[in-house]
Trainee: 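There's a structure below that I have some questions on.
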Amino acid sequence: MADPQEVLARRVQSALGAAFGSEYADADPVIRPSQFADFQANVALALAKQLRRSPRDAAAAIVEHLDVSDVCREVEISGPGFINLTLRDEWIADRVQDLLSDERLGTPVQERQNIPIDYSAPNVAKEMHVGHLRTTVVGDALARTLEFLGHHVIRQNHIGDWGTPFGMLIEHLLEVGEDSADAALLKSDPNAFYQAARAKFDGDEDFATRARRRVVALQSGDAETLRLWHDLIELSKIYFNRIYDRLDVTLTDDDLAGESTYNDMLGPICDELSEKGLAVVSDGALCVFLDGFTGREGKPVPLIIRKSDGGYGYATTDLATIKYRVEQLKADRIVYVIGAPQSLHLRMVYETARQAGWLGDAEPIHVQIGNVLGSDGKILRTRSGAPIRLMALLDEAVERASAVVAETRPELDEQTRAAIARDVGIGAVKYADLSIAHDTEYVFDFDRMLALNGNTGPYLQYAVARIRSIFRRGGLDPAQATGPVLVTEPAERALALRLLGFGPTVVQVGDTLEPHRLCAYLFDLAQAFTAFYEACPVLKAERDDVRASRLALTAATLSTLVKGLDLLGVRAPEQM
Ligand code: ARG
C-alpha cells in the first residue's frame with residue numbers, strides 16, 4: 001500500500017484497539033498533514049472525553065501501543081495531545097520504487113459502480129456557449145477519472161432535441177432545402193440558422209401557423225416531419241462532434257440520449273405520479289408540490305409535469321432520466337453535471353423521484369457548474385452582445401498560444417509549432433475550467449489561462465516538456481529509469497512524498513467529484529519537481545547511484561503528470 005495516510009491510519013487504529021478495547025479499533029484516527037512532522041494523528045483529542053482521560057494521557061496510551069517502527073523514524077506527542085509522525089526516508093523510497101512498476105501509480109481499483117454521467121447537453125440548432133463548454137470539460141474529466149477508478153461510466157449526452165421550437169426549425173429547413181447552404185449553417189454556425197427561423201416565425205404569420213402545425217405533426221409521429229427532424233439532428237451532430245473533436249472530449253454518437261428519447265415515458269410518469277397522489281391539477285396544469293419548496297411569501301413552488309395545453313416540459317423529461325438510469329442502467333450514483341442555476345429544478349426532481357419510490361438505493365448528485373463571466377462580470381458575450389461562438393473562441397485560444405510558441409520556440413518548423421499551439425491553447429481553456437472549484441464562477445481571461453506561471457495548463461504542459469527534454473538530452477528512456485530510489489536530500493524527500501499522493505488524490509476526486517483537487521495536486525507536484533531540480537543535479541549527479549535514483553524520481557514525476565493530465569483530458573505535448 002502506497003498511501004502513507006492510509007498506512008498510518010491502520011496502524012493507529014490497531015493501537016486504539018489495543019489500548020482501549022476493540023470497540024475503538026475502527027474509530028477515525030484523524031490523520032492530517034502536519035507542519036511539524038509529515039502527519040499528525042489527532043484522535044486523542046477527539047476521543048479524550050469519551051475515554052475520560054486527558055488528551056495527552058490518551059495520546060500516551062496510543063503511542064505506547066503504536067507499532068510503526070518500520071514506517072516512522074519519529075513519533076512524538078505535542079501540544080495538547082497531537083501525535084506527530086515522521087516517516088522513514090527508506091520507507092518513502094521503497095514506496096516510490098513500487099510506483100515505478102505500477103501502471104496505476106498507486107491508484108486502487110474500486111468496487112465497480114454503474115455511474116451514468118449527464119454532461120455537455122447542448123441544444124440542437126443553437127450555439128454551444130461557454131457554460132456548455134464547462135459542463136462538457138468537467139463532465140469529461142469526471143468520466144475519465146471514474147473509469148480509471150474501475151467504475152462502469154455511462155456517458156449520457158442529454159441534448160435538447162425536442163420541444164416547440166422544432167416546429168419552426170423544421171419548417172425553415174423545409175423552405176431552405178435540406179442540401180442548401182442555409183441548412184449547412186447547422187454544421188458551423190447553428191445560431192445563424194436558428195435566428196433565420198426565428199425571424200420568419202416572428203415576421204410571417206403564415207409561417208408561424210405552419211410552424212405550430214408542424215409541432216403537432218412532430219408529436220403525433222408524422223413520418224415526413226420525423227424525417228426532417230432527423231435531418232436537423234444529424235446536421236447538428238456534425239457541429240457537436242466538431243467541437244468535441246477539437247476539445248478531445250470522449251463523447252460519441254453512442255452517448256447521445258437526448259430529451260426526445262424519453263418521449264414514451266412521459267405520459268406514464270404523469271399517470272403514476274397522479275395515482276400515487278403526488279401530482280395534482282392546479283390551474284389546469286399537472287403539478288407536484290413538495291414540502292420545503294416555497295417561493296416568495298411562502299407560496300409553494302410547483303414542479304410542473306404537464307402543462308395546461310397537455311405538453312410536457314423539462315421537469316418531466318428529467319424525471320424520466322432518473323427512472324431510466326435507475327431501472328435500465330442500474331445506476332449506483334447518477335451524476336448530473338449541470339449549471340448551478342438549475343439546482344432548485346434538480347432538487348425538486350430528485351425529491352419527487354424519491355417520493356415516487358424510483359430512486360431505490362441510487363444516489364443522484366448535482367455537480368453544479370458555476371457561470372463563466374466576461375471581464376465586465378456578466379455572462380460572457382461578444383462586444384456586440386451576441387453569444388460567443390465556441391469554435392471561434394477555441395480558434396482564438398490556439399491563435400494566442402501560437403504567438404507564445406513563436407516567441408519561445410522560433411527555431412521549430414511551422415508544423416511542429418502549430419501542433420504545440422493547438423495542445424497549449426485548448427489545454428489552457430480546458431484547464432481553466434477544471435482548476436477552479438466547479439461551482440465557483442470565474443472571469444474568462446485568455447492572458448491568465450495562457451500564462452506560463454501559476455496553476456495553468458501551459459505551466460503543467462511545460463513541466464512535462466521540460467522533464468522529457470532532460471531524458472532527451474541524456475539520451476535516455478524514462479521507462480528504463482528504474483532506480484533504485486534513494487531519498488536523502490530534503491528536496492528529494494519532498495518530491496517523493498508528493499508522488500505518493502497521486503492515488504489518494506484520484507480517489508478523492510472520485511468521491512467528491514471535484515477535478516480541481518487533481519489540478520491542485522499536479523500543480524503542487526510540478527512545483528516540488530522544480531525545487532528538486534534546482535537543488536539536486538540529475539544528469540550531472542556526482543555518484544552513479546544518486547543519478548539513477550534522481551532519474552527514477554524524475555521518471556515517476558513524468559508519468560504522474562502525464563497520467564494526471566490525461567485524466568483531466570489535457571494533452572501533454574512532447575516539447576514546448
Ligand atoms: N440542454 C440544457 C441546456 O442547454 C441542459 C440540459 C442538462 N441536462 C439535464 N438532464 N437537464 O440548458
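As the structure lists them, so they are numbered: ligands from 1, and atoms in each ligand from 1. Predicted model only: the values in this text are computed from it and were never measured.
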Trainee: Would you give me the side-chain donor-acceptor pairs under 3.5 Å for residues 363-375, sequence neighbours excluded?
Mentor:
unit_1: His366; atom_1: NE2; unit_2: Ile338; atom_2: O; d: 2.8
unit_1: His366; atom_1: NE2; unit_2: Gly339; atom_2: O; d: 3.4

Trainee: Looking at Arg400 and Glu396, is any side-chain nitrogen of the basic one under 4.0 Å from a carboxylate oxygen of the acidic one?
Mentor: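 The answer is yes: the pair qualifies as a salt bridge.
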Trainee: I'd like the contact residues of ligand 1, where contact means a heavy atom below 4.0 Å.
Mentor: Asp118, Ala121, Asn123, His132, His158, Tyr314, Asp318, Ile338, Gln342
Trainee: Whether the Thr261 and Tyr324 side chains hold a donor-acceptor pair (N or O, under 3.5 Å, no angle test) is what I'd like checked.
Mentor: no
Trainee: Let me have the donor-acceptor pairs involving side chains of residues 452-459, under 3.5 Å, with sequence neighbours excluded, atom names and distances please.
Mentor:
unit_1: Asn455; atom_1: OD1; unit_2: Tyr431; atom_2: OH; d: 2.5
unit_1: Thr456; atom_1: OG1; unit_2: Ala451; atom_2: O; d: 2.7
unit_1: Thr456; atom_1: OG1; unit_2: Tyr459; atom_2: N; d: 3.0

Trainee: Salt-bridge test for Asp118 and Arg325: reply yes if a basic N is under 4.0 Å from a carboxylate O, no otherwise.
Mentor: yes
Trainee: Donor-acceptor pairs are to be reported for all side-chain atoms of residues 181-198 against protein atoms at under 3.5 Å, with residues two or more places apart or in another chain.
Mentor:
unit_1: Asn191; atom_1: OD1; unit_2: Glu127; atom_2: N; d: 3.1
unit_1: Arg198; atom_1: NE; unit_2: Asp202; atom_2: OD2; d: 3.4
unit_1: Arg198; atom_1: NH2; unit_2: Asp202; atom_2: OD1; d: 3.3

